[in-house]
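As structure tokens, the structure follows; a few thoughts come after it.
Residue numbering restarts at 1 for every chain, and letters A, B, ... go by the order of the sequence lines. Both backbone and side-chain heavy atoms feed into the values below; hydrogens, waters and symmetry mates do not.
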2 protein chains.
Amino acid sequence: MTVRESTSSTRERIKTVALELFTEQGYEKTSLREIAERLDVTKAALYYHFKSKDEIVNSFVEDRLDQLDDLVAWAKAQPATLTTRRSIIGRYADTMCAGQHSSVMRFFEQNQTALRSLTAGQRIRERMLQLADLLCGDDSSPEAQLRATLALFSVHSSWFGVRAPGLTDQERRGVALKVADELITAIGPPTTDDPR
Amino acid sequence: MTVRESTSSTRERIKTVALELFTEQGYEKTSLREIAERLDVTKAALYYHFKSKDEIVNSFVEDRLDQLDDLVAWAKAQPATLTTRRSIIGRYADTMCAGQHSSVMRFFEQNQTALRSLTAGQRIRERMLQLADLLCGDDSSPEAQLRATLALFSVHSSWFGVRAPGLTDQERRGVALKVADELITAIGPPTTDDPR
DNA sequence: GTCTATAAGCCGATAGAC
DNA sequence: GTCTATCGGCTTATAGAC
């Protein structure tokens, strides 16, 4: 896909800078003036590309939503086995490697209250809950819910939380999956796994 | 401790309402006007009790800080064994039951970016990192860091995340500790545990 | 301790020239 | 596509009466 130079590049630059500032300082605290200054344009120029502050958020959240929808759809079509749960986490970790997706999820985690009143935030939250439910399978006990939540958080935390500068994406993925695997393996006594 | 009626009760009411609104809507999005309206007083009355918006946060964060400091100090005086790690998590879970401490931690999690520029937030964050380090003992590998982080998050998540209305504090504590125990048991191959 | 009134400033968003 | 100029509104915070 070739890039229409003058028209589209500014829009992308706005998205990138906004995502960065929203994550570092918070959505509410970051003003459009600040974003504009960083790009050496005026506030009004931003309003040519986006009709509101919310819409800037929507612009970089939508790609992530599509990806999550794909994963949820795939997971729903699988049998509720341990193997499936492992694959869900593995695929979820894979999605974090590509493009800005890990940055978007970091923004999501750092702006939970701000995103509560934004549709973009509600939609991401909804998908995460769906994934957690799918990781629970038939077991809806508090313990299973907790394990599922922590398994997903394990992936995020290995990306955002672990202080180890030289770690590659593959290594982060490996650590996240090792710990997540322990958590989800213990889910699901109600149905014995891998019924034959 | 008796309550000096007219003088101190308004201050406490401000703290309670502010903590509630800051958590529900976010720190930045909640204005002093809104807090004042909810209490049927004027904004100026708030400024009699607190000299700034930040200071309202400090007022309910300080109690929590003292409690965390106690726990960190106790943990540092213990040997770096698995038994100690278990006790740290157990005591940490205990602190969540008393008073507004779980509410304060929920506020902390929901307002990470806002709290980054507030000293109150930086100090809580620092204590959480200390606890995570203590849970790691001699093992500073990425995997140990991740396990420690998730163990602490297990306690938070059982309080804030698990959807089970009828669950008592004791039951939440039980679930959190069961999962957290699995996580921290696997930390620390470098030093064999419980050396005799 | 609580009030009214107001200062001073930043915000998101819009209008219209170029 | 980007600009200048501006609007209306809301914010934190203060001054001073009661």
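In this structure the side chain of B:Tyr27 never reaches within 4.5 angstrom of the side chain of A:Lys29, judged on heavy atoms. With a 4.5 Å cut-off on side-chain heavy atoms, B:Lys53 and B:Val57 do not count as touching. Considering only heavy atoms from C-beta on, A:Glu55 stays 4.5 Å or farther from A:His49 through its side chain. Looking only at side-chain heavy atoms (C-beta outward), A:Glu109 and A:Phe153 come within less than 4.5 Å of each other.
Contact record, B:Arg172 with B:Ser158: NH1-O, 2.7 Å, taken as the closest heavy-atom pair.
Note that CD of A:Gln25 is 8.5 Å distant from OG of A:Ser31, once rounded to the nearest 0.5 Å.
Taking atom NZ on B:Lys51 and atom C1' on D:dA13, their separation rounds to 13 Å, with Å as the unit. Residue B:His49 contributes atom NE2, which lies 10 Å from atom P of C:dC3 at whole-angstrom precision.
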Between the protein and nucleotides 10-12 of chain D, which nitrogen or oxygen pairs come in under 3.5 angstrom?
residue	atom	partner	partner atom	Å
D:dT11	OP1	B:Ser31	OG	3.1
D:dT11	OP1	B:Arg33	NH2	3.4
D:dT11	OP2	B:Arg33	NE	2.9
D:dT12	OP1	B:Lys53	NZ	3.3
D:dT12	OP2	B:Leu32	N	3.2
D:dT12	O4	B:Lys43	NZ	3.4

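Residue A:Thr10 has a polar side-chain atom (N or O) positioned under 4.0 Å from OP1 or OP2 of D:dT2. Residue A:Tyr48 has a polar side-chain atom (N or O) positioned under 4.0 Å from OP1 or OP2 of D:dG1. Taking side-chain N and O atoms only, B:Thr42 has no distance below 4.0 Å to OP1 or OP2 of C:dT2.
DNA chain C is contacted by no residue of residues 12-22 of chain B, taking any non-hydrogen atom closer than 4.0 Å.
Under the 3.5 Å distance criterion, with hydrogens and angles disregarded, no donor-acceptor pair is assigned to the side chains of A:Ser157 and A:Ser154.
Ring centers of B:His156 and B:Tyr92: under 6.0 Å apart, within the cut-off.
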